[in-house]
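This report concerns only the one structure given below.
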Amino acid sequence: MTAPKALDAPHEPPRLFGAAYRVATLGILLVVTLVAFEGMSVGVVMPGVARDLDALDLYGLSFSAFLVSSLFANVVAGLFSDRRGFAAPFVAGLALFVTGMGLAGAAQSAVMFLAARAVQGLGAGASFVALLVMIARVYPVDMRPKAFAAVSAAWVVPSMVGPAIAGSVAGQWGWRYVFYGIIPLVVPALLMLLPSLKRSSAAEDVASGPRSRPLAMTLAAAATAGGAGVLLHGVDRLHLAPVAGVAETVAGLALLLYGLYRLLPAGALRLARGLPTTVLMRGFLSASFFGVNSFIPLALQEVKGFGVREAGIALTTGALGWSAGSFLQSRRAGEPHLRLRLASACVTVAVLLALLAVLPGVTGWIAVPAWIVAGLGMGIGMATVSVTALKQSPVNEQGANSAALTVTDMLGSALSIGVGGALVNLIGHAPAQIATGFMVICLLMAVVGASGTVLAGRTR
């Protein structure tokens, strides 16, 4: 008899919640859960915030301010993650996020609330791109699809309970405490990720291409974020001051294109095959989904007379579909480009179904099954884009391409929500006018979703 050899022992593949990765996984999921809860809470309480601060005309911009500042932060954080590691941008991002939550809770005017949303966006953008790089550096390649599926699934619990909790807190103590309540929960998340943060390091081979130059990329990020902000402000002013609005829109678009040319992978603006189109698909999905998602609570409350809790149910059920889609993605069923085509088609169909929710004689509850389908598409599509883009990226460009993903994500959402807000302001704030604005928004976002369905084949 001889002692069994190590080679005779059965091999156990690493697991997300195995001893080696459990704490890191829990920390990552808690951070995502907090960001998701903030997103769901803001969506539900924003009609009340807009009324209290007399800011209904800034409804869309309050979301866009968050997203545009996130866009700038994630570019800078991606660069820093490649060169110095992900620890510093992650910690700085969490600090800014907490600061923004406090400022939002204390806001006494629409301008202060918009500034708070911008600070929140800086924090969320920096911390989220650092999380993407953390996943790429901490987990082995074969675990990344499951890690991204878990990140997507982490939206489920806050999406299910977030609207109800936010509505209850707002009803009992006021909407300010929805923001204040998230702040203390950041501490345990940071403590759980300390071991992973200590393992942070720069990429072994730092990229030397044009997207690796810190000053040039920072200026490009500023041009992109500033251009998006100027463009959205110009679009929002078109009905009040057409000449000035057109001038701002054109100037903003020029700045935006200048920045994107330098931030995105080469060939992205001409929809080149492979990584460039893969990165852009994130923007198409986000624009078509969040361009409608952000206005569902407003439409249901103002047009159908729903309460805060009822209006949030459609967003809650969308999270169930998102979770199911993430699970399907993790099973790797089908080629990536086919999954992306299915994802875009699901969102497009769901947006058209959601349009029916504001029609006379049609129950607003039709938004519930519609948003389950939309969530299914997003669950399949978002995780597939992330996994495919990292697979198509050299190790020393993971930070830059993770940043590019979030650029298109945030930009797609910001532009669609900002344009939607401008449409609501243009058409009017009476219930019937909000219904008309919502239908126009749905039709525009259906066109965006259908475009993504067609372009999915170019991700190969």
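Predicted, not measured: the structure shown is a model, and the values here were computed from it.
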> Has the side chain of Thr408 got a donor or acceptor atom that lies under 3.5 Å from a matching backbone atom of Val279?
Replying inline: yes

Within the side chain of Ser127, is there an N or O that forms a donor-acceptor pair under 3.5 Å with the backbone of Ala124?
-> yes

dist Leu415:CG -> Met410:CE (nearest 0.5 Å) comes out at 13.0 Å

Note: Ser69 and Ala118 closest approach over all heavy atoms is OG-O, 2.7 Å

Side chain to side chain contact (heavy atoms under 4.5 Å, CB included) with Leu264: of Leu405, Leu411, Val407, Leu275, only one passes, and it is Val407

So, Ser386 and Arg282: side-chain donor and acceptor under 3.5 Å apart, yes or no? yes

Margin query: So Leu253 and Thr249, do their side chains get closer than 4.5 Å, heavy atoms only?
Written below: no

Min side-chain heavy-atom separation Leu444-Leu423 under 4.5 Å:
yes

Side chain to side chain contact (heavy atoms under 4.5 Å, CB included) with Cys442: of Val351, Val358, Ile296, only one passes, and it is Val351

| said: Any non-hydrogen side-chain atom of Gln392 less than 4.5 Å from a side-chain atom of Thr388? | reply: yes

From the list Ser416, Ser286, Ser288, side chain to side chain contact (heavy atoms under 4.5 Å, CB included) partner of Val448 resolves to Ser288

Between Thr459 and Ala456 (side chain of the first, backbone of the second, donor and acceptor by atom type, cut-off under 3.5 Å), is there such a pair? yes

Exceeds 12 heavy-atom contacts within 6.0 angstrom, atom OH of Tyr258 | no

Rounded to the nearest 0.5 angstrom, the CZ-OG1 distance for Phe72 and Thr218 is 6.0 Å

**Q.** Met382 vs Leu285 side-chain heavy atoms within contact, under 4.5 Å
**A.** yes

query: Short question: side chain of Arg176, backbone of Gly105 - any donor-acceptor pair under 3.5 Å?
result: yes

**Request:** For Glu248 and Leu231, indicate whether the former's side chain and the latter's backbone hold a donor-acceptor pair under 3.5 Å.
**Result:** no

_Thr224 and Leu71, any side-chain heavy atoms less than 4.5 Å apart_ = yes

Distance col, row Thr99:OG1 vs Ile183:CD1, nearest 0.5 angstrom, shows 8.0 Å

Rounding to 0.5 Å, atoms CZ (Arg273) and OG1 (Thr277) come to a distance of 8.0 Å

Are side-chain heavy atoms of Tyr261 and Leu269 found at a separation under 4.5 Å?
yes

message: Do Val385 and Leu340 have side chains that approach each other closer than 4.5 Å (heavy atoms only, starting at C-beta)?
response: yes

Closest non-hydrogen atoms of Ala350 and Trp371, given as atom of the first, atom of the second and distance, are O-CZ3, 4.1 Å

Is the ring centre of Trp365 less than 6.0 Å from the ring centre of Phe306? yes

- Run the side chain to side chain contact (heavy atoms under 4.5 Å, CB included) check on Phe284 and Ser344 step by step: do they pass? CA-CA 8 Å; Phe284 280 95; Ser344 295; 5.7 Å; no

Does Gly457 offer a backbone N or O that forms a donor-acceptor pair with the side chain of Arg460 under 3.5 Å?
yes

- Quick check: does any side chain N or O of Glu302 sit under 3.5 Å from a backbone N or O of Ala299, one acting as donor and the other as acceptor? no

Nearest heavy-atom contact between Ile417 and Phe295 is O-CZ, 3.5 Å

Heavy-atom closest pair (Ala446 atom, Leu352 atom, distance to 0.1 Å) is CB-CD2, 3.6 Å

Self-check item: Backbone N/O of Ala272 and side chain of Arg458: donor-acceptor pair under 3.5 Å
Solution: no

Side chain to side chain contact (heavy atoms under 4.5 Å, CB included) for Asn401 and Leu390? Distances and angles first, verdict last. CA-CA 8 Å; Asn401 289 331; Leu390 282 178; 6.0 Å; no

Using atom types as modelled and distance alone, determine if a side-chain donor or acceptor of Tyr139 lies under 3.5 Å from a backbone N or O of Met134. no

Exercise for review: Check the angle between the aromatic planes of Trp322 and Phe289 and answer parallel, tilted or perpendicular using the 30° and 60° thresholds.
Suggested key: perpendicular

So CZ of Phe90 and CD1 of Ile28: to nearest 0.5 Å the spacing works out to 8.0 Å

Smallest heavy-atom separation, Ala414 atom then Ser64 atom, equals O-OG, 3.0 Å

Heavy-atom nearest pair, Ser413 first then Phe290, reads OG-CD1, 3.5 Å

Quiz prompt | Donor-acceptor contact present, side-chain Arg117 to main-chain Ala65, <3.5 Å | solution = no

Q: Could you give me the CA-CA distance, side-chain angles and deciding distance for Phe438 and Val292, then say whether side chain to side chain contact (heavy atoms under 4.5 Å, CB included) is met?
A: CA-CA 8 Å; Phe438 183 74; Val292 175; 4.0 Å; yes

dist Gln120:CD -> Ile182:CD1 (nearest 0.5 Å) comes out at 8.0 Å

| message | I'd like to check Leu271 versus Pro276 (side-chain heavy atoms, cut-off strictly below 4.5 Å). Are they in contact? | response | no

